[in-house]
Structures are given as C-alpha cells and as structure tokens.
Amino acid sequence: MAPALRIDALIDDPNTHVIVCCGSGGVGKTTTAAAIGVRAAERGRKTVVLTIDPARRLAQSLGLRELGNTPRAVEVDGFEPAGELSAMMLDMRRTFDDMVLAHAGEERAKEVLANPFYKTISTSFSGTQEYMAMEKLGQLAAEGRWDLIVVDTPPSRSALDFLDAPQRMSSALDGRMIKLLTGPARAGGWGVRKVVSAGFGLFAKAVSAIVGGQLLADASAFVQAFDGMFGGFRERARKTYELLRSSGTAFLVVAAPEPDALREASYFVERLSADAMPLAGLVVNRTHPVLALLSGPAALAAADRLDKSGDARLATAVLRLHADRAAVAARESRLVARFTKAHPAVRVVRVPAMPADVHDLAGLREVGDKLS
Amino acid sequence: MTAAGWNDAISRVRLHVVTGKGGTGKTTVAAALALALATGGRRILLIEVEGRQGIAQLFDTEPLPYAEQRIASAPGGGEVRALHVDAEAALLEYFTMFYNLGFAGRTLRRMGAIEFATTIAPGLRDVLLTGKVKECVGRTDEHGRHVYDAVVLDAPPTGRIVKFLDVTRAMVDLAKVGPIKGQSEGVVRLLHSGDTAVHLVTLLEEMPARETIDAVGELDGAELRPGVVILNRVRPPRLPARSVTSAADGRVDASRVRDGLAAAGLDLTSDDLDGLVAETVEHAIRVQAEQRARALLAEVDLPILELPESTDGVDIAALYEFAETLVEQGAH
C-alpha cells in the first residue's frame, strides 16, 4: 500500500508557503486547488488561491470573474474562516502588460503594447499562460500578504508544460532567430559555415515568402523595442523557478484514475525528482470505490438467480449496479497500483467522485474533507 | 424530436473531423470510426495533428513517424492507415518542394529555425496541418482514383476546433501570394464543402454536453458543417425508470432490497446493506444527470450515435467492438 497523503499535515505546517497543483487538463486541478484554499483558510492560514481556467459556476460563486488581475477576499454567506481566503483568476494578457510596463520606460512600453505582434504572443502563444502563471506566483509571493499561496496550473495536455513552456517561450522570444530572419547579412557574423549561411539566406527568403512581410516587420519592431527588457523577464522567471524549488513549496500532482492522466502524473513525478523539486504527493480524483463488501461476480450470480424467479426487481437492479461499480473500482485500483508500484515512495490520497459537479463553497468543503 | 442516424449525406463525406472536450475519448472514437468506415474493404487514413502520439498509444505500437503507414485491417478486407502530422516536418517538406531547401533544411531544423517559424506565426502551424490533411483527402493514384476512400481527423478539442479550421483567419498574418496562399484556398473550399463534416464526441455529463452545444453553434456560425454527435462511455442504467427519481432523492426501500438479497441467498451486514443503498442513490443521481445531458444534446438536432463504456479499459479488441457498434448504427 502506498503511504497516505494527509492534506491537513501539509496545510498546518507553518513552513508550507506554496502549494502547486499540477497534472494534465481535465482532472480537477482547479477544484482541488480551491478546496485546499478553503480548508486552509478554515484552519487558520492566510491563504490566496490563483486559478487559471475555472468553470463558470465555480468562478461565479467565489467571485473570480470580477474584473481585475489581483486577488479579492472570498465573501460567501456562512463562510467565516479562522484565517483568510482570497482568490483570483489569472488574466494572462494583463499580467504580460504589467510586466512590460514594469520593465520598460513609458515610451518603450507604449510601443510594445501597441505592436500587433505583441498582441499575438500575449494571447495565443503556446507557453504564455504558463509563463504568466509563474510570474503571477512570483508577484503574490513577493507581496508578503499571505502565508500560503495555492496555485492552479493551466489545462494543457502535458503536465510538464507548466515547467517547460516558460523556457520555450523565452527561447522563441530571444531575438537571435528573428534578427537572423530580418537581417540575413548578419548570419555571416555568427561564424556559421558558408553552406549553412547560404541556406539560411534562402530560408529567410522562404520564410518571408510565407510569413507575410507585415508580420516580420512587426516582429522585428517588437524585438527591437523589447530588447533589454528581456533580461528582466528571464531573471524574474529564474527567481520564480527557484521559489518552486525551495523548501517552502509543495507540488501536488493531480490525476484521475485513467491511463492518460496517470501517465502524465508519472512523467511529472519523475521530472520533479530529477529537478530536486519537492513533491508532496498524488491526488487521484473522481474514484469510484465500492461501498459494500460483495464481489462483482457474486453480485452478478445473485442477480441472475433473481432474474430466473422474476421477483425482487429492485434487489436485482441494485446487484447489477453494484457489479458495474465493482468492475470500475477494480480497474481504477489496477491503474493506481501500476503508478504506486513504479513510485512506491509517493504519498497518495483518493478522492471519491461527487454525484454532481462541484461549483460552490459547500462542495469545496466536501472535497476538502475527502482530501484529509 | 431526434434526428435520423448516420445518413447517406454523411456517408458521402470524405473528411470526417472528430472533435470533443478533452477527456471525452476523442482519439478512441476517431480510431473506432476509421475502423468502421474501412469495414467492407475500404482504405481509410486516420490523422492526428497535436503531436501526442495518441494513435500509437491506442494501437500499442511504436511512436509514428511523419509517414502514412498501415495500422490495422478492418473486417471485409479494409485497411486503416495512420499519419502523425508534425508541423515542423510539414513545413520542411513544404520548403523542400517549393524552395528546394533539402539538405540545408535539415541543418536549419537542428538550429530550431523551423520550430521558430511555426512559433512566430501561430496561424502558420494550423495552415500547414490542415494543408497536409487536404493533400491526403484529395490525393489520387495514376488512374485518377482517390487513394483514400475517406480521411478521419483526430482534431483539436471543441474549445479550439473552429479556430483551427478557420484557415482564412490563420492566413491573415501570412503572405498574400505564393504557394501557401493558393493551397490554403483549396483547404477553405474543402472544409466548407459537403465533403467535410465535424463530428462531436461527448460524455453524458453537463460540462461536455454544454461544450458540445456551444461548439455546434460556433461551427454553424463559421459555416462549417456539424456531422453527428457521438455519446461515448455510455453506461446502462440499472434501475427501473420509475425508481430513479426517488432513489436520487435518497429514498431507497432498504428492507425490500434486503429481502430480495435474502431470496438470492445473500446475507449482508447492515453496513454493507447501507453501502449498497448509497451506491444506488449515487447511481440514480448520475442517471438523472445523464438524462439531463441527453435532453440538452437533443437541442442541437444532430444524429446521435452511442458507444458503451468498456469496463476493462480500451484495448485493440475493444476498438474493433466499438467499430462494429458504429457500423450497426449505420456508420459507413
């Protein structure tokens, strides 16, 4: 049996300052993050929850859709925590805008913000959301207003994107490539062999034949205006990365009892280990444990017997639905066991599925209870 | 009113785009559909474009290269081939064809130049992917016959599908002349013609159902053609219909259950009996949620096909069973 993950131990530890909920999209990360936030606040921590893509009703009930890219105190009838709870939804565009404004003089900043290429990368670039989530976390930590920050992560397919995407974005925005494209003469100055630089000149021509001249011009203007700010961006990302590796941070990997989600969780656990990042444990959401000790086959055999007589239709139905559930429970156990065999030291907690979607404080409290 | 099933208009479609909310089983359904369409001796191409290697995982094979290869045979002599489209490889192929880059191109790829080009213009990636799909759909052999009887595309999820298929918008940042412009015009024609349909995979749950409805609205707005809705992982309701409402409210006649169990020779503890009752209540609540999801989906007035939950998970045998189930529901 895998060691048990006890969320209260994590929440109550005064040395825990950041809890990051990672995992592939669709496994209930946002709900888990919000539930931990509620529980932490009720247990006395001054907590803030940073959500990324909350479902509409949950966002409404926690007041996350209010305008603004800063946390707001959660005010709900019947919620009087011993600590405090604030929450927010990440606005990646605004976070990016704020970074630009913080790092450049007013003139430069205006140029960048008005640049069409900037508009594209600040909204539809792969990696921007992850990058801005990291940046926002860094800001919240620096503010010192809360002693616990719970972070939701973007819903990408790959759990590792949260760690990797910011770096990819940095590399893409690094001016080198784009300077090469817009100033082929400079390629020679890199000392690359003739044949490649000849190819590169041709490449630049080919790319500009495909990517419109306007886009290249905008990108070039962006890079020139952005130049110099970039060091600041990189430095901030590095600082936040260090925060993630510190002893006050705990990573929670969230998964569902499905092969894809557990595979992603596995990759993530291995990556955390390789990067010496602190893993608190695995949360397996939406499990369907049996609630009665009766094997599936025994239930089916009994149902068949009852079918023959034709009475007891309710009992027959109950036996069959139990048998279905036993089969699902068995499959889920097998999948989780595969994970725990590969990662025996990782603490695990299973959160049984709730009958309805969690979309309010009461639901979050229930999830919190199940996590502990 | 439910729409009729898979009809002749859909069977004439050459490009079946399969989308759905993440987690609904899109790749599984796309693969099952490909097998279904190949049944009876046809050759179908199954394409994936998100770099996931989901097809390889499903068929339990090595990661697929950027090349069409046979992945399964279908009943009646049919064949499914698979293609994993890598945007960078597609761009390199393009450069080689139109700009004669070849060898230098490989070096550029190593430098990350190709990845950069597809990153700097987000639309370029989508244009390349849909361009490759179109090339496969339209490809003919030396006798002028289509190489593939149909193509099934395991497409991006519902949140991104219209943007992905909106080639015109993707082209805004790209050159106004040249081969890529010409090709993209052909893609636009294909996607908006009767040769293309967009099928939506969903579960009988509120959020996927709502996303399905939203996506159908967006598709209609973009003049793209919705095909069928495929309900995935459907579980049989076990309670008699008239018992569902009261059970969902927590009212289950425990003593009646106990008597029935006794008649079957089972003598459970009261804890276990309570457990069975609790499971029954949860089941009933879920059945009600499924009924609500069905009612929601009926609003979009599209044909609906169903695939059952596979209690042991999805392996190749299950895929063939799903294909057969789809064929029985008229997929051809």
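The figures that follow rest on heavy atoms only: side chains count, while hydrogens, waters and symmetry mates do not. Treat the numbers as computed from the prediction; the structure is a model and nothing was measured.
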Chain B interface, residue from Ala312(A), Ala292(A), Pro259(A) that has the most non-hydrogen pairs under 4.5 Å = Ala292(A)

So what's closer than 4.5 Å to chain A heavy atoms on Gln57(B): side chain, backbone, both or neither?
-> side chain

Given Ala301(A), Ala256(A), Ala315(A), the one with more heavy-atom pairs under 4.5 angstrom with chain B than any other is Ala315(A)

Tell me, side chain or backbone of Ile285(B) under 4.5 Å from chain A's heavy atoms, or both, or neither?
-> side chain

Does any heavy atom of chain A fall under 4.5 Å from the side chain of Glu309(B), the backbone, both, or neither of them?
-> side chain

Chain B contacts, top residue of Arg325(A), Arg334(A), Glu258(A) (heavy-atom pairs, under 4.5 Å) = Arg325(A)

Counting only heavy atoms closer than 4.5 Å, note whether Leu266(B) contacts chain A via side chain, backbone, both or neither.
-> side chain

Which atoms of Thr27(B) come close to chain A, meaning under 4.5 Å heavy atom to heavy atom: side chain ones, backbone ones, both, or neither?
-> neither

Should Arg238(B) and Glu279(B) be marked as a salt bridge (Lys or Arg N to Asp or Glu O under 4.0 Å) after you check the CA-CA gap, both sets of side-chain angles, and the distance that decides it?
-> CA-CA 12 Å; Arg238(B) 298 294 188 185; Glu279(B) 288 179 4; over 6 Å; no

Examine whether an atom of Leu293(A) lies under 4.5 Å from a heavy atom of chain B, and if so say whether it belongs to the side chain, the backbone or both; otherwise answer neither.
-> both

Name the member of His322(A), Met354(A), Arg313(A), His288(A) that forms the most heavy-atom pairs with chain B at distances under 4.5 Å.
-> His322(A)

Are Glu50(B) and Pro157(B) side-chain neighbours, meaning at least one heavy-atom pair lies under 4.5 Å?
-> yes

Val27(A), part contacting chain B, at a heavy-atom distance under 4.5 Å = neither

Pick one of side chain, backbone, both or neither for Leu319(A), based on which atoms fall under 4.5 Å of a heavy atom in chain B.
-> side chain

Using a strict 4.0 Å threshold on nitrogen-to-oxygen distance, state whether Asp324(A) and Arg235(B) make a salt bridge.
-> no

Using a heavy-atom distance cut-off of less than 4.5 Å, which residues of residues 245-253 of chain B contact chain A?
-> Asp253(B)

Does Ser122(A) reach the main-chain N or O of Tyr118(A) with its side chain, forming a donor-acceptor pair under 3.5 Å?
-> yes

